[in-house]
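Chain letters run A, B, ... following the sequence lines, proteins first and then strands; every chain starts at 1.
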There are 2 protein chains.
Amino acid sequence: MRKEWDTIEVLRHARHDWLNKLQLIKGNLSLNKVDRVKDIIEEIIIEARQETKLTNLNLPQFASSLLTCNWENHFFQLEYEVADCPYIHRMDDVQLAKWTNQLFEVFDASIEKFQENHLSVTIHPHEEGTRFFFDFSGIITDTSSLKRFLEQPVSSSMEVHLTGMTEDELSIEVFTKAPMGER
Amino acid sequence: MRKEWDTIEVLRHARHDWLNKLQLIKGNLSLNKVDRVKDIIEEIIIEARQETKLTNLNLPQFASSLLTCNWENHFFQLEYEVADCPYIHRMDDVQLAKWTNQLFEVFDASIEKFQENHLSVTIHPHEEGTRFFFDFSGIITDTSSLKRFLEQPVSSSMEVHLTGMTEDELSIEVFTKAPMGER
């Protein structure tokens, strides 16, 4: 059950995140660690660039799901990376976002709560389509639910493959085919 | 005509604003002006506190209007300040936000474009009601439209007074009465 985010709440969370970064700068500055501050600033700028790249994929619902995920009290922390992409083809944003939100729910129900659970999403746009790698590390308690969910066919333009699973790691590859005219 | 803001766009604008602040820090740091950086950080924290106070007034639509105003290509820049307030009474958020958005439109149509136009909003919550001061400074080209709009009665719980007007300044006081049970 995803909540609808309103302007006030989005800004509240964004402000909170940015103020945390600022506190890090402030703390290091008070210790006179100017070089560390410069490094932190560079890291923040790189992170913001990733956010811009994600936003520019033209997948507003999917991007919103990733950008608000860590504000939603899931039992895992999400991080993401978008590879440089000369090709951005049309994708079914609604379908991709819906599947991703379902994946988040299945993870919440299948992992050990309050542990160091991480989900890393890497996005590689290519000419023939876009690959999404979902790599989980943490403690999985219910492998069969996850398997069941991942074996469900999504659509002819979106393929889901479980590429690896142990008790503390799981890798998924999602491929969305570019529409015929755009390949 | 207000646009509906979505998560992606709110984050895009917020990110842009925060990166500007970070650039200011970065610039001063590269000039080794550590004390200036510390002052900038304090200013940013004070500004963020104002944002929090505005958000806590429990007027989500009105707060959204103020928070997104400078992203909307108006012909004025908005700033706001919320006085400390032990009393927060219920107000008609929708009515207040609607009136405020109309005020923004009337200003856009009644001031010299691309000038140094500023609108400052100060909010003083009191036991008997809340006072909003809208102080404009800039170049007014159409005083009569503004007057006409400000003379329109709004509702029995919301009074609007034009308290001062010259060609380059205009002051409005809005008073929203606290509901009987809350005074």
Next item on the list: Answer yes or no: does atom NZ of B:K98 have more than 12 heavy-atom neighbours from other residues, nucleotides or ligands under 6.0 Å?
Entry: no
Notebook entry, point to check: Side-chain heavy atoms under 4.5 angstrom apart, residues restricted to Ile, Leu, Val, Met, Phe, Trp, Tyr: same cluster for A:V106 and A:L162?
Noted result: yes
Notebook entry, point to check: Taking atom CG of A:D39 as the centre, does the number of heavy atoms from other residues, nucleotides or ligands within less than 6.0 Å exceed 12?
Noted result: yes
Next item on the list: Would you mind telling me which of A:A63, A:A48, A:A14 has the largest number of heavy-atom pairs within less than 4.5 Å of chain B?
Entry: A:A48
Next item on the list: Mind ranking A:T52, A:I44, A:V37, A:L19 by heavy-atom pairs under 4.5 Å with chain B and telling me who comes out on top?
Entry: A:T52
Check: Going hydrophobic residue to hydrophobic residue with side-chain gaps under 4.5 angstrom, can you get from A:F175 over to A:L66?
Finding: no
Checklist line | Toward chain A, the part of B:N56 with a non-hydrogen atom under 4.5 Å | finding: side chain
Next item on the list: Count the heavy atoms of every other residue, nucleotide or ligand shown that sit under 6.0 Å from CD of B:Q102, and state whether that count exceeds 12.
Entry: yes
Check: Nearest 0.5 Å, what's the CG-CG distance between A:L11 and B:L11?
Finding: 8.0 Å
Check: What part of B:K38 lies closer than 4.5 angstrom to a heavy atom of chain A: side chain, backbone, both or neither?
Finding: both
Notebook entry, point to check: Which bit of B:R15 comes within less than 4.5 Å of chain A, counting heavy atoms only: side chain, backbone, both or neither?
Noted result: both
Checklist line | B:D142 atom CG, over 12 foreign heavy atoms within 6.0 Å | finding: yes
Next item on the list: For residues A:T7 and B:L67, determine if any side-chain heavy atom of one lies less than 4.5 Å from a side-chain heavy atom of the other.
Entry: no
Check: With respect to chain B, which residue among A:Q23, A:K21, A:H13, A:E42 yields the maximal number of heavy-atom pairs within a distance under 4.5 Å?
Finding: A:E42
Item checked: Close side-chain approach of B:I45 to A:K26, heavy-atom, < 4.5 Å -> yes
Notebook entry, point to check: Which distance, rounded to the nearest 0.5 Å, do you find between the CZ of A:F62 and the CD1 of B:I8?
Noted result: 10.5 Å
Note to self: Are more than 12 heavy atoms, taken from residues, nucleotides or ligands other than B:Q115, located less than 6.0 Å from that residue's CD atom?
What the structure shows: yes
Checklist line | Contact leader toward chain A among B:V34, B:V10, B:L54, where contacts are heavy-atom pairs under 4.5 Å | finding: B:V10
Margin query: Same cluster or not: B:I41 versus A:L24, using hydrophobic residues (I, L, V, M, F, W, Y) connected whenever any side-chain heavy atoms lie under 4.5 Å apart?
Written below: yes
